[in-house]
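Data block below; observations after.
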Amino acid sequence: MLHVDLDQFQAAVEVLRQPSLAGQPLIVGGNGDPTEPRKVVTCASYEARAFGVHAGMPLRAAYRRCPDAVFLPLDGPAYEAASTQVMDTLRRFPVEVEVWGWDEAFVGAISDTPEELARDIQLAVGESAGLRCSVGIGDSLQRAKIATGMAKPAGIARLDRHTWMPTMAAKPTSALWGIGTKTASKLAARGIGTVGELAATDPDVLAESFGPTTGPRLRQLALGTGSTRVSSEPREPRSRSHVITYPRDLSDRAEIERQLDEIARALTAEVVADGRTVRRVAVVVRTTTFFTRTRITTLPDATRDAGEVAAAAVALLERFELTRPVRLLGVRVEFP
């Protein structure tokens, strides 16, 4: 398995459109206005990252760190076109291609020389799209994905069952694909700080703390095992969500409930029009301090009733401590 990841994708596309931007710190996000409130960085070039700018950072904070950067607006159609060109290039090889987003895909191949295949892919992507990519090689999706991070920028790296633990054992659990900062903190609170320690933990102990499914899966991630299948079949979406960042903060509880009700009803109408039913409802709330929490509930039965979904979403607010104004609300519905 190979994981192909386009380097600084959106910034690189902008350089292709405006070559004079090459070598400058570029920050892509929002409407390209660093004074615009409530907008975040979508992509930062390596030159901008040297100043501590990263994806997800508020544009205003990015400007404070790198005031001389060139700020550019998001251009979805341009990125979609560039991504399509790259994915079409990958499909010209005798491989399976599983697209995971604009800027990344897994490639499944039968090859005795995967490094050679990776170099051929890099050359082909460069020639067809003018973009650079990093390629990770592994005997599982997890190992290929992690190897890509080691390969950046524009390199090739390989991790397999022989090199996984010598390379990863001493790294923090947050270095694993699938373990975020919150889960890493929970693991650390239980005395599990490194990949090696997580790999050595009894699955039953993990199940007690994280549940019978998630617990053993965490250990599997630490071992670098897991899925070894790459499929070119389009992935069936398992959920859909709507998120709104408001131009003004919401403080009134009745208004928050009203906004959440509207989001839930509109989202339900959308998925029902696509022939789907809703089984679980999740709500995300972000306050003015950027503190973000998600709560989820399972409905008694799958439904297409927008009122039922909206009622469940509003009821979930009881599980939040709304002590500060709200800047973002979101609803996610999951399908059976």
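Only heavy atoms go into these numbers, but all of them, side chains included; no hydrogens, no water, no symmetry mates.
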(request) Report the C-alpha distance between R219 and D202 in whole Å, list the side-chain angles of each, state the deciding distance to 0.1 Å, and finish with yes or no for salt bridge (charged side-chain N to carboxylate O under 4.0 Å, His left out). (result) CA-CA 8 Å; R219 181 172 181 268; D202 189 322; over 6 Å; no
(message) Between E262 and R265, does any side-chain N to carboxylate O distance fall below 4.0 Å?
(response) no
(request) Any chance you could measure L21, atom CG, to E14, atom CD, to the nearest 0.5 Å? (result) 7.5 Å
(message) Test your reading of the model: is there a side-chain donor-acceptor pair from T84 to the backbone of E80, 3.5 Å cut-off?
(response) yes
(message) Within the structure provided, determine whether V4 and I121 are in side-chain contact (heavy-atom separation under 4.5 Å).
(response) yes
(request) Could you give me the CA-CA distance, side-chain angles and deciding distance for E36 and R60, then say whether salt bridge (charged side-chain N to carboxylate O under 4.0 Å, His left out) is met? (result) CA-CA 7 Å; E36 188 178 17; R60 288 180 171 181; over 6 Å; no
(request) Run the salt-bridge test on E334 and R276 with the 4.0 Å N-O cut-off and return the result as yes or no. (result) no
(message) For the residue pair D5 / S134, report whether a side-chain donor-acceptor contact shorter than 3.5 Å exists.
(response) no
(request) Answer yes or no: is there an ion pair linking R258 with D261, defined by an N-O contact shorter than 4.0 Å? (result) no
(message) The test is side chain to side chain contact (heavy atoms under 4.5 Å, CB included); show your working for I27 and L72 and say whether it passes.
(response) CA-CA 6 Å; I27 298 173; L72 299 166; over 6 Å; no
(message) Counting C-beta onward and ignoring hydrogens, is there a side-chain heavy-atom pair between L74 and N31 closer than 4.5 Å?
(response) no
(message) Surrounding CZ of F71 (heavy atoms of other residues, nucleotides or ligands, distance under 6.0 Å), is the total greater than 12?
(response) yes
(message) Tell me whether R92 is salt-bridged to E127, with the criterion being a basic N under 4.0 Å from an acidic carboxylate O.
(response) no
(message) Looking only at side-chain N and O atoms, does S232 offer a donor or acceptor that is under 3.5 Å from a partner on E96?
(response) yes
(message) Using 0.5 Å steps for rounding, measure from the CE atom of M168 to the CG atom of L176.
(response) 5.0 Å
(request) Please confirm whether the backbone N or O of E197 pairs with a side-chain atom of T201, one donor and one acceptor, at under 3.5 Å? (result) yes
(request) Would you please classify the geometry between the F106 ring and the W100 ring as parallel, tilted or perpendicular, with 30° and 60° separating the classes? (result) perpendicular
(request) Take V230 and V107 through the test side chain to side chain contact (heavy atoms under 4.5 Å, CB included) and record every step on the way to the result. (result) CA-CA 7 Å; V230 176; V107 172; 5.9 Å; no
(message) Using the side-chain contact (heavy atoms from CB on, under 4.5 Å) definition, which of the options V278, V314, V271 pairs with V309?
(response) V278
(message) Would a single hydrophobic cluster contain both V281 and F320, if residues Ile, Leu, Val, Met, Phe, Trp and Tyr are joined by side-chain heavy-atom contacts under 4.5 Å?
(response) yes
(request) Quick one: pull up OG1 in T148 and CD1 in I156 and give me the separation to the nearest 0.5 Å. (result) 10.5 Å
(message) Between the side chains of R229 and E98, is the shortest nitrogen-to-carboxylate-oxygen separation below 4.0 Å, so that they form an ion pair?
(response) no
(message) Hydrogens and angles aside, do R190 and S209 bring a side-chain donor and acceptor to less than 3.5 Å of each other?
(response) yes
(request) Kindly say whether G155 contributes a backbone atom to a donor-acceptor pair with the side chain of Q122 at under 3.5 angstrom? (result) yes
(message) Against the six-membered ring of Y46, is R49 placed for a cation-pi contact (under 6.0 Å from the centre, within 45° of the normal)?
(response) yes
(message) Nearest 0.5 Å, please: how far is OG1 in T213 from CG in L218?
(response) 11.0 Å
(message) Between Q24 and S45, is there a side-chain heavy-atom distance shorter than 4.5 Å?
(response) no
(request) Kindly compute the distance separating CZ (R332) from OG1 (T294), expressed to the nearest 0.5 Å. (result) 6.5 Å
(message) With a 4.5 Å cut-off on side-chain heavy atoms, are V333 and R280 touching?
(response) no
(message) Are L206 and T214 packed together at the side-chain level, in the sense that at least one heavy-atom pair is separated by less than 4.5 angstrom?
(response) no
(message) I'd like to check D7 versus K152 (side-chain heavy atoms, cut-off strictly below 4.5 Å). Are they in contact?
(response) yes
(message) Working to the nearest 0.5 angstrom, can you tell me the gap between L117 CG and S111 OG?
(response) 5.5 Å
(request) For residues R319 and T297, determine if any side-chain heavy atom of one lies less than 4.5 Å from a side-chain heavy atom of the other. (result) yes
(message) Just to verify, which of T163, L159, T228 counts as forming a side-chain contact (heavy atoms from CB on, under 4.5 Å) with R143?
(response) L159
(message) Is it the case that the side chain of S241 and the backbone of V331 share a donor-acceptor pair, with hydrogens and angles ignored and the cut-off at 3.5 Å?
(response) no
(message) Checking the side chain of W177 only, and the main-chain atoms of A144 only, is there a donor and an acceptor separated by less than 3.5 Å?
(response) no
(message) For W102 and Y79, take the angle between the two ring planes, folded into 0 to 90°, and tell me which bin it lands in: parallel under 30, tilted 30 to 60, perpendicular over 60.
(response) perpendicular
(request) Examine R327 relative to F290 and say whether NZ or CZ is less than 6.0 Å from the centre of the six-membered ring and inside a 45° cone about the ring axis. (result) yes
(message) Could you tell me if S20 and Q18 have a donor-acceptor pair between their side chains, going purely by distance under 3.5 Å?
(response) no
(message) Assess, by modelled atom type and distance only, whether the side chains of D305 and T303 contain a donor and an acceptor separated by less than 3.5 Å.
(response) no
(message) Can you confirm whether K39 is buried at NZ, in the sense that more than 12 heavy atoms of other residues, nucleotides or ligands lie under 6.0 Å from that atom?
(response) no
(request) Indicate yes or no: at least one non-hydrogen side-chain atom of R132 is less than 4.5 angstrom from one of Q8. (result) no
(message) Could you check whether T287 and R324, counting side-chain N and O atoms only, form a donor-acceptor pair closer than 3.5 Å?
(response) no
